[in-house]
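Beneath this line is the structure, given in structure tokens, with notes to follow.
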Amino acid sequence: MSGQTLSEMAVEVLTTAEGRAKTALARRHAATWFAARAEGRAIPLGRAAPPMRPARPAEPALLDPRDVPRRRPGSPQGRIALLHAVAHIELNAVDLHWDILARFTDIPMPMGFYDDWVKCGDEEAKHFNLVCDCLEEMGSHYGALPAHAGMWRAAEDTAEDFMGRLAVVPMVLEARGLDVTPGMIAVFEKAGAESAVAALKTIYAEEVGHVAYGSKWFHFLCGRHDHDPKDVFHTLVGKYFHGALKPPFNEEKRAEAGLPPDFYWPLADEIPKRSR
């Protein structure tokens, strides 16, 4: 038993720089949390001061999105670049989920919220390691290529808005993963990259749950304040998400995660005739 509060655990994850070390710590803290829950005791939530930006390894170099080289996934180098981008997203997701546990402790939530978000943080850590294993199997590693510097912007923009964080991170950014991951799986299936296919299928299956947790707790907070969830979602995404949502959307998986089409189609940059 560590004696740490959940907030202290979260800040320790956020202030650990190296990717494998960060994710090992995230998984260890998640195991501690769930072991306590299984024993019928709750680790105190506590209060801590999360950094505005998490610690990051010296590599990869972080570039403006416009400056990150684009590579076609038809070549081995292109597939490495695609997996490297996924690893970068997953490492940011680890921090995003642990950040929400530490940053909004002044807002009372049911214990199930913390269970869900610790689980998300644990699974994102697993995803990062799975993708890093694939990169290493292909003769590369996380940090070998430059990466997107704007990944943390949603966290900074919503640092003082709990509902804004739920709207933008799980319900927009992670929902986008449901749209694009089937195409990535197809790329690696065509290349016969079995490890990458298995890793991406695991990510795809578990990200549905992450989007669902976001939708569940967003609706919970709207109910607490007697707000219409769809209207609040549109307002918050318009405030914090920079740009329109990009179809095509994976409507089946989004619905499975509790996101109906009237939440996202009105925010799309291209609305088909059937939705007008």
**Request:** Give the intermediate values and the outcome of side-chain contact (heavy atoms from CB on, under 4.5 Å) for residues I203 and V86.
**Result:** CA-CA 10 Å; I203 292 170; V86 174; 4.3 Å; yes
**Request:** Would you check, one step at a time, whether the test side-chain contact (heavy atoms from CB on, under 4.5 Å) holds for R79 with M184?
**Result:** CA-CA 9 Å; R79 290 190 290 275; M184 290 193 286; over 6 Å; no
**Message:** Show, in sequence, the C-alpha distance, side-chain angles and deciding distance for V232 and F218, and conclude whether the side-chain contact (heavy atoms from CB on, under 4.5 Å) test is met.
**Reply:** CA-CA 10 Å; V232 175; F218 181 82; 3.8 Å; yes
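There is no path of hydrophobic side-chain contacts, each under 4.5 Å, that joins L130 to Y204. Cluster annotation: M52 and V11 are assigned to distinct hydrophobic clusters (Ile/Leu/Val/Met/Phe/Trp/Tyr, side-chain heavy-atom contacts under 4.5 Å, transitive). No path of Ile, Leu, Val, Met, Phe, Trp and Tyr side chains, each step under 4.5 Å between heavy atoms, connects V68 with L83, placing them in separate hydrophobic clusters. No path of Ile, Leu, Val, Met, Phe, Trp and Tyr side chains, each step under 4.5 Å between heavy atoms, connects L62 with M151, placing them in separate hydrophobic clusters. I89 and L135 are not part of a single hydrophobic cluster, where members link through side-chain heavy atoms under 4.5 Å apart.
When side chains are defined from C-beta on, K22 counts as touching R56, because their heavy atoms get closer than 4.5 Å. Side-chain contact between R224 and M109: present, with at least one pair of heavy atoms (C-beta onward) separated by less than 4.5 Å. The side-chain heavy atoms of V168 and L236, taken from C-beta on, include no pair separated by under 4.5 Å. Counting only heavy atoms from C-beta outward, the side chains of L6 and W98 approach each other to under 4.5 Å. The closest side-chain heavy-atom distance from P170 to S215 is not below 4.5 Å. Taking the side chain as every heavy atom from C-beta outward, T235 and K239 never approach each other to under 4.5 Å. Using a 4.5 Å cut-off on side-chain heavy atoms (C-beta onward), F263 and R254 make no contact. Proximity of F249 to L178: side-chain heavy atoms (C-beta onward) are nowhere separated by under 4.5 Å.
With hydrogens and angles ignored, the 3.5 Å screen pairs a side-chain donor or acceptor of H88 with a backbone N or O of H148. Between the side chain of R27 and the backbone N or O of G121, no donor-acceptor pair lies under 3.5 Å. The closest donor-acceptor contact from the side chain of S140 to the backbone of I80 lies at 3.5 Å or more, if one exists at all. Panel note: side chain H84, backbone G143; a donor-acceptor pair is recorded below 3.5 Å. Although no hydrogens or angles enter the test, the distance criterion places a donor-acceptor pair under 3.5 Å between the side chain of T23 and the main chain of G19. For S7 (side chain) and A102 (main-chain N/O), no donor-acceptor pair under 3.5 Å exists by modelled atom type.
Considering all non-hydrogen atoms of both residues, A159 and R103 come closest at O-CD, 3.2 Å. Smallest separation of non-hydrogen atoms from P50 and D99: CB-OD1, 4.0 Å. Minimum heavy-atom separation, V13 to D95: O-OD1, 4.1 Å. The two residues Y213 and C120 come nearest to each other via the heavy atoms CD1-SG, 3.3 Å. V169 approaches A154 most closely through the heavy-atom pair CG2-CB, 4.4 Å. Contact record, A199 with C134: CB-SG, 4.0 Å, taken as the closest heavy-atom pair.
The residues K126 and E123 are annotated as not salt-bridged, no charged nitrogen and carboxylate oxygen being separated by less than 4.0 angstrom. A salt bridge is absent between E206 and K119; no separation between the charged side-chain nitrogens and carboxylate oxygens falls under 4.0 Å. With salt bridges taken as basic N to acidic carboxylate O contacts below 4.0 Å, none links K246 and D179.
Interatomic distance, NZ of K216 versus CE of M171, reported as 13.0 Å (0.5 Å rounding). With rounding to the nearest 0.5 angstrom, the CZ atom of R53 is 10.5 Å from the CH2 atom of W152. Note that NE2 of H210 and NE2 of H127 are 5.5 Å apart. Values are rounded to the nearest 0.5 Å. Atom NE2 in H219 sits 8.5 Å away from atom CG in D228 (nearest 0.5 Å). To the nearest 0.5 angstrom, H227 atom NE2 is 16.0 Å from F233 atom CZ. In this structure, CG on L166 lies 5.0 Å from CZ on F162, to the nearest 0.5 angstrom.
Counting heavy atoms of neighbouring residues, nucleotides and ligands inside a 6.0 Å radius, atom CD of E39 exceeds 12 of them. Under a cut-off of 6.0 angstrom, the local environment of CD in E194 is sparse, with at most 12 non-hydrogen atoms contributed by other residues, nucleotides or ligands. Heavy atoms from other residues, nucleotides or ligands lying under 6.0 Å from CD of E156 number more than 12.
Looking only at atom types and distance, the side chain of H242 has a donor-acceptor partner in the side chain of D157 under 3.5 Å away.
Y142 and F128 have perpendicular rings, their planes meeting at more than 60° on a 0 to 90° scale where under 30° would count as parallel.
Test H29, M9, R37, E8 against I43 for side-chain contact (heavy atoms from CB on, under 4.5 Å) and you get one pass: M9.
In this structure, F220 has its ring center at least 6.0 angstrom away from the ring center of F113.
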